[in-house]
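Remarks on the structure that follows.
Small disclaimer: the values here were computed from a predicted structure and weren't measured.
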Amino acid sequence: MTTSSSERGVSLGMPQLPAPAYPDDVRARLETDAREVIARYPDSRSALLPLLHLVQAEEGHVTRTGMQFCADVLGLTTAEVTAVATFYTMYRRRPSGDYQVGVCTNTLCAVMGGDAIFEELQEHLGVGNGETTGDGKVTLEHIECNAACDFAPVVMVNWEFFDNQTPASAKSLVDDLRAGRPVTPTRGARMCTFKETARVLAGFPDEREGAVESGGSAGPASLIGLKLAKGESAPARVVHPRGEAARTEAPHDPSPTEHLSSHDAPQDTSASDPAHPAGPTAEEGE
């Protein structure tokens, strides 16, 4: 008895069928949005990145249908669109969760506890890297540097920052996301879904109440270079040797640059190196 190639799971290299089209009403709506995006650029080809965000906002990831749509409205080949969509990690190629939870595991975040956070979240959520929880709420992944090293270890949710994390605070964060409880990042407006984030990245207004007014800035350590570039003198920084208590200060209300999320963890330990805890983080010059 013989078996066919398909039964043996062998591909014969047959080309894929054409991507299915969007329903007429969806395509008409996307074409209206696409014309608005394309009009911002002197060369329509330059609109490809925001248009990929636009189709990602429609389905939660960039599908073959979405790539065919981008190719059609920009006069490109699907190969040209696919080359871009597969190059940038911000474009998802398969269904994913409402909340993309990324744990920075680059050097500084890793040694400050990022590796421990990522390992414990995998166990807590029951998923691996790039996988989504059964309820479709959270996709977990390890990501490279978030450019927020002075707040390490950092977790990002739909590109919003959650600073100074520990395994415990990160697990509380994902539990609240899955339960639908309000979550506010360290810097920025309250959380929205990945689809909503993608539409904002496509260049459309963020319609969340207070989103425009909400914001944040880099930490003091990150801004020292800017001060020096402007000719300002950087204050001396006192670093306390390990084991020596740092000078304590009276509690104070956070300034706008010290805005904290309810999910920010205390900054007094390094979860990945319990034998050498990090001392309390001090402002530059303290």
Side-chain angles (χ1 to χ4, degrees), residues 52-53 56-63 66 85-149 151-201 261-267 269-274:
L52 286 169
H53 283 299
Q56 185 160 251
E58 186 65 31
E59 299 179 85
H61 66 295
V62 177
T63 63
T86 56
F87 180 82
Y88 293 103
T89 57
M90 66 184 75
Y91 301 120
R92 310 301 181 187
R93 297 299 312 284
R94 59 183 180 181
S96 54
D98 292 334
Y99 300 99
Q100 306 281 324
V101 176
V103 182
C104 182
T105 55
N106 214 323
T107 307
L108 184 57
C109 278
V111 300
M112 290 294 288
D115 286 342
I117 291 171
F118 186 62
E119 290 173 4
E120 293 207 24
L121 282 183
Q122 288 184 93
E123 181 178 354
H124 183 66
L125 295 172
V127 298
N129 182 43
E131 296 179 351
T132 303
T133 55
D135 57 9
K137 294 291 185 180
V138 170
T139 296
L140 179 67
E141 62 179 350
H142 72 79
I143 54 180
E144 294 302 319
C145 184
N146 288 319
C149 300
F151 295 117
V154 173
V155 172
M156 294 193 87
V157 180
N158 295 350
W159 315 121
E160 300 286 2
F161 287 99
F162 291 83
D163 298 333
N164 306 307
Q165 294 294 291
T166 65
S169 67
K171 286 187 283 190
S172 175
L173 168 61
V174 297
D175 286 346
D176 283 348
L177 291 171
R178 297 182 73 183
R181 290 187 282 267
V183 171
T184 301
T186 308
R187 286 160 280 156
R190 64 174 178 79
M191 292 304 308
C192 62
T193 67
F194 184 64
K195 288 183 179 181
E196 292 170 323
T197 300
R199 184 167 177 83
V200 173
L201 292 175
S261 162
S262 60
H263 294 88
D264 284 354
Q267 304 176 47
T269 63
S270 171
S272 65
D273 190 10

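- Between V157 and L173, some side-chain heavy-atom pair lies under the 4.5 Å cut-off.
- When all heavy atoms are compared, the tightest approach of R92 to Q56 is N-OE1, 2.7 Å.
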Return all side-chain donor-acceptor pairs below 3.5 angstrom for residues 103-110, not counting sequence neighbours, or 'none' if the list is empty.
residue	atom	partner	partner atom	Å
N106	ND2	E144	OE1	3.0

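- Open room surrounds NZ on K137; 12 or fewer heavy atoms of other groups in view lie less than 6.0 Å from it.
- Atoms CD and NE2, on Q122 and H124 in that order, are 13.0 Å from each other to the nearest 0.5 Å.
- Put simply, CG on L125 and CZ on R178 are 6.0 Å apart, with the number rounded to the nearest 0.5 Å.
- For the pair N158 (side chain) and C192 (backbone), a donor-acceptor distance under 3.5 Å is present.
- Of all non-hydrogen atoms in P185 and F161, the two that sit nearest each other are CB-O, 3.3 Å.
- In this structure, F151 and Q165 have side chains that are not in contact, with every pair of non-hydrogen atoms separated by 4.5 Å or more.
- The nearest pair of heavy atoms linking T186 to F162 is OG1-CA, 3.5 Å.
- Contact record, A85 with V62: CB-CG1, 4.3 Å, taken as the closest heavy-atom pair.
- Put simply, NZ on K171 and CG on L121 are 8.0 Å apart, with the number rounded to the nearest 0.5 Å.
- Summarising the geometry, atom OG1 belonging to T166 is positioned 11.5 Å from atom CE belonging to M112; distances are rounded to the nearest 0.5 Å.
- Atom CD of E160 is separated from atom OG1 of T197 by 7.0 Å, given to the nearest 0.5 angstrom.
- Applying the ring-ring contact (aromatic ring centres under 6.0 Å, His included) test to H61 and every residue at least two apart in sequence or in another chain returns nothing.
- For R199, the side-chain hydrogen bond (donor to acceptor under 3.5 Å, both in side chains) test picks out D33, with sequence neighbours left out.
- Looking at heavy atoms from C-beta onward, L201 lies in side-chain contact with W159 at the 4.5 angstrom threshold.
- Distance check: S96 OG to L140 CG gives 12.5 Å after rounding to the nearest 0.5 Å.
- When all heavy atoms of T193 and E196 are compared, the pair lying nearest together is N-OE1, 2.9 Å.
- With hydrogens and angles ignored, the 3.5 Å screen pairs no side-chain donor or acceptor of Q100 with any backbone N or O of E141.
- Contact between F118 and H142 at its shortest, heavy atoms only, is CE1-N, 3.5 Å.
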